[in-house]
Amino acid sequence: MAGSRFRIGEDPDYVPIGRRLLLLNWTLVLLIAALSGIGFAMLYSAANGSLQPWAERQMMRFAVGAALMIIIAVTDIRVWLKLAYFSYFVALILLVAVEIKGDIGMGAQRWINLGFFQLQPSELMKISLVLALARYFHGLTTEDVGRIPLLIPPILMVLAPSALVLRQPDLGTTLLLIAGGGVIFWLAGVRIWKFALVLGTALAAIPIGWQFLREYQKNRVLTFLNPENDPLGAGYHITQSKIALGSGGLFGKGFMLGSQSHLNFLPEKQTDFIFTMLGEEFGLVGGMALLGLYALVITYGYVIALRCQNQFGRLVAIGVTSTFFLYVFINIAMVMGLIPVVGVPLPLVSYGGTVMMTILVSFGLLMSVSIHRDIRISRQGNDDGRN
Amino acid sequence: MWHRDSDRFRLFTRRALMLGAGKGVLLTGLAARMYYLQVLESDRYQTLADENRISHRLLPPPRGLVTDRFGAPLAVNRQNYHIMIVREQTPDVRRTLEILDQIIELGPDTIERVERDAARRRSFVPVTVRDNLTWDEVARVGVNAPDLPGLIIDAGRSRDYPEGPHLAHTLGYVAAVSEKELTGDPLLELPGFTIGKSGVEKVYDLALRGTAGTSQVEVNALGRVIRELEREEGDSGNTVVMTLDLELQRYTNQRLSDQESAAAVVMDIHNGEVLALSSHPAYDPNAFTNGISHKLWNSLVNNPYAPLSNKAVNGTYAPGSTFKMCVALAGLEAGIISPNQKFFCNGHLDLGNARFHCWKRGGHGWMNMHDSIKHSCDVYYYEISQKIGIDRIAAMANKLGLGEDTGIDLPNERSGLIPTKDWKEIQLGKRWQGGETLIASIGQGYVLATPLQLCTMTARLASGKAVRPHLTRDNVTPEGVTSRQAEEFPELQVSRANLARIRDAMNGVTNELRGTGHGARIAIKGMEMAGKSGTSQVRRITMRERQTTGVLDNNDLPWKYRDHALFVAFAPVDNPRYACSVVVEHGGGGSSVAGPIVRDLLLKAQELQSARQGISAADQPNSANLRRNPAHSDQDEG
């Protein structure tokens, strides 16, 4: 076993901090930096060639987030295992707290103002849910996973925060939580027919759930189904986004030359629709390059997961990678008119501090999994493999 | 132990690879969608993006100029400065306006209006603060520009008539397009665009208008103009050269200005060119260009002398004795009377129970055709008209251009009225009465004619040709201006000998002793005129009035009951060139009031002609050179 090379004190798997930094996936860090760099460039363009008001702040956030990412990466994976449930409950309590008393922003209660930082508990929950579910399934054998009573706690762990986030209301995050949770269930080995059953039930419940949607959410779905219905209202965003992308053509209109973006026909170009702007200015070539970078990062996540020797690490790795994938897919599919506008940003590229933090923290966890891939962890969460 | 873990690791790996494959499929789907949008549908979206960002704006073309026959400007375009404010470029709209108020007078109402307008519009849309700035004001604002952020001085064009009221009726005026006049041409919907509303400006509006240029500008989602992409200048309107002689026109106006209400026309009998056309009183067409005030409009409309009406073509008057040439010529042509056949005038003629009076109490004695015109004897015409009949008289009147449009290039021409038996049957449903022929034979009753028709009649008598009047040197069509072919008018189909007899009789009126127009003769050799006076009654003289007070003198009557004074003439007698008609509304006697005006106009026309004969033809501006000359299209008076 690989961990035997560095045996210090009681812990057979202890890795010195310097060694951990060497083991850090610098290629992945480089990819993340490249994606963020593209983001800075697009934000610079969105501000008509100015670092203000977006690019500079985004850079500062990236610097802080990247430091946090490295710290998390070099922290022992077992620390994160131990903190998994705790962080889940903290996130859950905070979600309840915003439900009770939250600042009103964009028609949705999503933030807790901590004075120096706008904490968004739903973002914290995205990571905590993956950690908590990974911890839970880490403790189950293949046979255990087949027992339905044992699946009830993790289902509740997914549904509780999802319901709270939906009430805020934040449809995008709810979808991310449910899909992210589902991925862990899938990887843990839950039978396919059970998924089919849940999916069938969910589809049957759509008419009921429809009534809980806010008016604007209903409009978004209806507009998605028929965008020409309302070209100057809710359909305007998607129509203009498609015009911008399509007019970009193969090679685009050139950096800072996107007419749709710079003449403000494109809404929210610095946040949700930043991919459209990139597609307009750099064309199919630019869009494909960005998509390729994302595919590389996701593949990297899979490589890390498959090389990991503990179930917790594997689940966390694919869990955060899948959340990342979902961000990318939902955002790009949305701006290209494939799915309704749900308000999910493009990770690392869109302007916004909270999402940047969430993504970098989750990459920190992914790297932590990678650095500590050889540590074996017992089902009970002990650091030996002797049971 | 490990083997159990390896069991679930295998499951994990399998499931992870399935999941990864699923993600691969979804990402490929995104790539395919991107390819569809950016390659397959790219052209369509490129077009849509251009439609979004490119806005086409019309550039109004400069309106064509109007000049007199020698190129003197009659209607031009003047630079018009207006001052505008852009809200987003000034820190405080009110403060800026208050500073401006100290430089050029605005008044609190204007400040309030501008502030309100600016607040309502988008912040980058300029709001007009004041129109029609003088050059002095422009300079003062310009000097203080640093204190006036957000103010723009913009130069537009507005129509200007340098002669003011002198040609108001002929030129007409331009004004903003009304709802009814919209044809779908987007040019007409441009704010501030003006079109011809009357006169030549209206008749030749399309030729004068020109074609609009376009400017392609890039706009953002709010409609703000970012930059101009392309600009295509339009074509300015055609220059229209009038047949009018500005100098003669001015003189005509001046000659009429002593009268309360009058009209005059001077025409070249060879080609029908109208040299002067005047209707008094007039108005200043410049008042209409930027919107006429309510007060001024009301005063024009309510003025009893109808300054807005062009009486030369829209005013119809009983021609009175000027109609007698028609009746005499009809009689001669029909062979019903011979030139020397005499009729006795004892001052009146009885027909049935009615008595028809001659203007001269006691009568003229024996009259032949020549003397009847020279002395304007009414009884002679009562006698011959009974023999000729109204329909023959009407046919001759039509031949001479009465009772039908002359076809002058002016709007709202009236055709007057020459009655016939059929006309009365159809229009009034009554039979023609014999007495009505007598009344018509002295140009009274139903007979009505415009001053322009009377001038045309005179020109036809003088030339023997079916002269038609017109106002432009060239053929002006909406497509453009082409040289007018020298027009050969058809012969009148009237015996030359009879025409000569009529002309000789008209010569008698002015140039023979005791002719009614002798006092208004031109005494200069070679320039003499031949004419005919007319005094047409507008009220009925009752038997009672004749018996008690006698026929009341005009000066004892209110203005609107006084007789119309008319006079028509041509000159020179030997080789006629010019025809002229003058009508003075309620002016009194034709020979005493209208005659001297005609004399002066014909004399002036001939003097101007001989003065200009010194100038060689080559020196005269060729009308063709004036057309489409860009140097003329903008007359800056700033």
Peer 1: Heavy-atom pairs under 4.5 Å with chain B - which of A:Val145, A:Leu306, A:Ile298 has more of them than the others?
Peer 2: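 Result: the option with the highest number of such pairs is A:Leu306.
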Peer 1: When rounded to the nearest 0.5 angstrom, what is the spacing between CZ in B:Arg53 and OG in A:Ser247?
Peer 2: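 The CZ atom of B:Arg53 sits 9.0 Å away from the OG atom of A:Ser247.
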Peer 1: Any idea which of A:Ser322, A:Ala333, A:Gly301 has the most non-hydrogen atom pairs under 4.5 angstrom with chain B?
Peer 2: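 Greatest number of close heavy-atom pairs with chain B: A:Ser322.
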Peer 1: Quick one: what part of B:Tyr35 sits under 4.5 Å from any heavy atom of chain A, side chain, backbone, both or neither?
Peer 2: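 For B:Tyr35, the contact with chain A is made by backbone and side chain together.
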Peer 1: Below 4.5 Å, heavy atoms only, C-beta onward: do A:Gln260 and B:Tyr45 meet side chain to side chain?
Peer 2: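 Heavy-atom side-chain distance check fails, nothing below 4.5 Å.
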Peer 1: Taking C-beta and beyond as the side chain, do B:Leu37 and A:Leu284 meet within less than 4.5 Å on heavy atoms?
Peer 2: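 B:Leu37 vs A:Leu284: side chains apart.
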Peer 1: Which of the residues A:Val328, A:Val190, A:Thr299 is involved in the greatest number of heavy-atom pairs with chain B at under 4.5 angstrom?
Peer 2: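 Top option by heavy-atom pairs under 4.5 Å: A:Val190.
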Peer 1: Measure the shortest side-chain to side-chain distance between A:Ile318 and B:Phe12 over non-hydrogen atoms and say whether it is less than 4.5 angstrom.
Peer 2: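 They are in side-chain contact.
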Peer 1: OH/B:Tyr36 to NZ/A:Lys242 distance, rounded to the nearest 0.5 angstrom?
Peer 2: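 The NZ atom of A:Lys242 is 7.5 Å from OH of B:Tyr36, to the nearest 0.5 Å.
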Peer 1: Please classify the contact between A:Leu290 and chain B as side chain, backbone, both or neither, with a heavy-atom cut-off of under 4.5 Å.
Peer 2: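 When you check distances to chain B, no heavy atom of A:Leu290 falls under 4.5 Å.
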Peer 1: Of all heavy-atom pairs between A:Phe137 and B:Arg8, which one has the smallest distance, and what is that distance?
Peer 2: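 For A:Phe137 versus B:Arg8, the nearest heavy atoms are O-NH1, 3.5 Å.
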Peer 1: B:Arg33, B:Arg14, B:Arg44, B:Glu218: which one forms the most heavy-atom pairs within less than 4.5 Å of chain A?
Peer 2: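 Between B:Arg33, B:Arg14, B:Arg44, B:Glu218, the count favours B:Arg33.
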Peer 1: Under a 4.5 Å heavy-atom cutoff, which of B:Leu26, B:Leu27, B:Asp43, B:Thr47 has the most pairs with chain A?
Peer 2: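 Looking at each option in turn, the highest pair count goes to B:Leu26.
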Peer 1: Is the backbone N or O of A:Gly249 less than 3.5 Å from a side-chain atom of B:Gln46, with the two atoms forming a donor-acceptor pair by type?
Peer 2: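 Not a single qualifying donor-acceptor pair exists.
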Peer 1: Of all of B:Leu11, B:Leu30, B:Leu48, B:Asp50, which one pairs up most often with chain A through heavy atoms under 4.5 Å apart?
Peer 2: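 Counting heavy-atom pairs under 4.5 Å, the top option is B:Leu30.
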Peer 1: Might you point out which heavy atoms bring B:Lys23 and A:Thr321 nearest each other, and give the distance in Å?
Peer 2: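 Taking every non-hydrogen atom into account, NZ-C, 4.2 Å.
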Peer 1: Side chain, backbone, both or neither: which part of A:Phe329 has a heavy atom under 4.5 Å from chain B?
Peer 2: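 Both backbone and side chain of A:Phe329 come within 4.5 Å of chain B.
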Peer 1: If I compare all heavy atoms of A:Phe265 with all of B:Val219, which pair ends up nearest, and what's the gap?
Peer 2: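 Looks like CE1-O, 3.7 Å.
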Peer 1: How close do A:Lys253 and B:Ala49 get, counting heavy atoms only, and between which atoms?
Peer 2: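 Answer, listing the atom of A:Lys253 first, then B:Ala49: NZ-CB, 4.1 Å.
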Peer 1: Counting heavy-atom pairs closer than 4.5 Å to chain A, which one of B:Val39, B:Leu19, B:Leu40 comes out on top?
Peer 2: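 Most pairs with chain A among the choices: B:Leu19.
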Peer 1: In terms of heavy-atom contacts, does CZ of B:Arg140 have more than 12 from other residues, nucleotides or ligands at under 6.0 Å?
Peer 2: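 Yes, the 6.0 Å shell around CZ holds more than 12 heavy atoms from other groups.
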Peer 1: Where does A:Ala188 contact chain B at under 4.5 Å (heavy atoms): side chain, backbone, both or neither?
Peer 2: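 Backbone of A:Ala188 only, per the 4.5 Å heavy-atom cut-off to chain B.
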Peer 1: Quick check on the interface: out of A:Arg314, A:His262, A:Met336, who has the most heavy-atom pairs with chain B under 4.5 Å?
Peer 2: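 Winner by heavy-atom pair count: A:Arg314.
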Peer 1: Give a yes or no on whether B:Gln89 atom CD has more than 12 heavy-atom contacts from other residues, nucleotides or ligands under 6.0 Å away.
Peer 2: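 Yes - once you tally the heavy atoms of other residues, nucleotides and ligands closer than 6.0 Å, there are more than 12.
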Peer 1: Out of A:Asn264, A:Leu245, A:Leu266, return the one with the most heavy atom pairs under 4.5 angstrom to chain B.
Peer 2: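 Top count of heavy-atom pairs under 4.5 Å with chain B: A:Leu245.
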Peer 1: If we define contacts as heavy-atom pairs under 4.5 Å, which of A:Leu326, A:Leu250, A:Leu291 has the most with chain B?
Peer 2: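 Top option by heavy-atom pairs under 4.5 Å: A:Leu291.
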Peer 1: Specify the closest pair of heavy atoms between B:Ser42 and A:Gly246, including all atoms of both residues, with the distance to one decimal.
Peer 2: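 Taking every non-hydrogen atom into account, OG-O, 3.0 Å.
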Peer 1: More than 12 foreign heavy atoms under 6.0 Å from CZ of A:Phe195: is that the case here?
Peer 2: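 Counting other residues, nucleotides and ligands, CZ of A:Phe195 exceeds 12 neighbours.
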Peer 1: For the atom pair CH2 (A:Trp186) and CZ (B:Arg15), what is the distance rounded to the nearest 0.5 Å?
Peer 2: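 Here the interatomic distance stands at 4.5 Å.
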